[in-house]
Amino acid sequence: MNHWLMKTEPATFGIDDLARARNHTTAWDGVRNFQARNYMREMRLGDLAFFYHSSCDVPGIAGIVSITREAYPDHTAFDSEDPHFDEKSSPANPRWFMVDVKLVTKFDRVIALEELRRYGQDKLKNMVILKRGNRLSITPVSRAEWNFINSLL
DNA sequence: GCCAACGTTGGC
DNA sequence: GCCAACGTTGGC
């Protein structure tokens, strides 16, 4: 099983939105970055991911989700009315994909980015999210990083 | 294939 | 709101 980190802006769709969603599940649509897409296509049923809040008061990890459906075409790319429309993607030749994720755990508190930087100098020194200028919305997380971060709770 | 221009991300 | 960092685009 692999581990991941998935970013979202809580003003748009945060962990409380996921908690309210039908079956605590949502389609992770709107990814329009090739590297992030490629990571999504590597995701397998049962993989776990940190649910990360970005561009907000306290950026950080808000909980854990599991992958409940592997990559399938992101239909929002086909809809010219949709903000994520991409004319280069078509049902016959889809360019963008999404997975379904289900809420596993909402943490009692957000593990702030600042906290990860402070306590993870050693154990998290290679973590993608902590690297300067990182913008990838989906990144792999090593087992050691996963375990360490869970131990902060 | 290079690279300048542009748009976006995301922490602060 | 600022701006550094980054990805993508398109002219050449």
Side-chain angles (χ1 to χ4, degrees), chain A residues 2-21 26-43 47-67 70-101 103-142 144-146 148-153:
Chain A
N2 287 315
H3 298 92
W4 309 92
L5 181 145
M6 305 172 82
K7 289 184 193 171
T8 180
E9 298 188 14
T12 304
F13 189 89
I15 199 158
D16 290 329
D17 296 301
L18 184 56
R20 280 192 293 269
T26 192
W28 206 264
D29 63 2
V31 171
R32 296 293 180 269
N33 170 284
F34 290 106
Q35 200 173 347
R37 179 204 67 181
N38 293 344
Y39 282 137
M40 267 202 305
R41 295 174 82 167
E42 290 180 27
M43 291 176 170
D47 279 2
L48 296 175
F50 286 132
F51 190 100
Y52 180 92
H53 282 170
S54 68
S55 296
C56 56
D57 284 351
V58 184
I61 298 169
I64 292 172
V65 297
S66 69
I67 307 305
E70 295 181 3
Y72 60 105
D74 181 347
H75 58 78
T76 65
F78 309 146
D79 177 3
S80 61
E81 304 291 304
D82 193 282
H84 297 296
F85 173 65
D86 181 355
E87 61 180 4
K88 292 174 182 161
S89 189
S90 67
N93 191 15
R95 168 184 276 212
W96 303 115
F97 290 79
M98 56 192 182
V99 296
D100 285 356
V101 303
L103 183 63
V104 173
T105 309
K106 177 187 170 180
F107 291 160
D108 293 334
R109 61 183 182 84
V110 170
I111 304 177
L113 179 62
E114 184 271 335
E115 185 177 348
L116 297 176
R117 287 196 199 286
R118 187 145 38 99
Y119 296 114
Q121 305 250 342
D122 175 35
K123 296 240 170 74
L124 302 180
K125 64 171 184 283
N126 294 319
M127 194 167 177
V128 184
I129 193 87
L130 298 183
K131 293 198 170 158
R132 196 173 53 124
N134 164 64
R135 290 170 43 187
L136 258 189
S137 63
I138 295 181
T139 54
V141 173
S142 76
E145 291 163 349
W146 181 269
F148 175 75
I149 290 169
N150 276 288
S151 79
L152 293 174
L153 285 169

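Since the structure is predicted, the reported quantities are computational estimates derived from the model, not experimental observations. Protein chains get the first letters and strands the later ones, always in sequence-line order, with residue 1 at the start of each.
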Within residues 26-41 of chain A, the residues having a heavy atom closer than 4.0 Å to DNA chain C are A:N33, A:F34
Here the distance between atom P of B:dT8 and atom CG of A:N134, to the nearest Å, is 19 Å
A:K88 atom NZ is separated from C:dT9 atom P, nearest whole Å, by 4 Å
Atom CG of A:L130 and atom P of B:dG11 are separated, to the nearest Å, by 11 Å
Rounded to whole Å, CG of A:L116 lies from C1' of B:dC12 at a distance of 16 Å
Per side chain to side chain donor-acceptor pair (under 3.5 Å), A:W96 is matched among A:D29, A:D74, A:D86 by A:D86
**Prompt:** Would a distance-only check, ignoring hydrogens and angles, find a side-chain to backbone donor-acceptor pair under 3.5 Å from A:N134 to A:L136?
**Reply:** yes
Shortest non-hydrogen pair, A:R109 vs A:E115, comes out as NH1-OE1, 2.9 Å
A:T76 versus A:R32, side-chain donor and acceptor atoms under 3.5 Å: yes
When rounded to whole Å, the CG to P distance for the pair A:L5 and B:dT9 reads 16 Å
Here the distance between atom C1' of C:dG7 and atom NZ of A:K131, to the nearest Å, is 18 Å
With the side chain defined as heavy atoms from C-beta on, A:K7 is closest, among C:dA5, B:dG10, B:dG11, to B:dG10
note: A:L136, atom CG; B:dG11, atom C1'; distance rounded to Å ~ 16 Å
Give the intermediate values and the outcome of side chain to side chain contact (heavy atoms under 4.5 Å, CB included) for residues A:V128 and A:L5.
CA-CA 9 Å; A:V128 184; A:L5 181 145; over 6 Å; no
In whole angstroms, the gap separating C1' of B:dG10 from CD1 of A:I61 amounts to 16 Å
When you check the phosphate oxygens OP1 and OP2 of B:dT9, does a side-chain N or O of A:Y52 lie under 4.0 Å from one of them?
-> no
What one should report as the nearest heavy-atom pair of A:G14 and A:H53 is CA-NE2, 3.5 Å
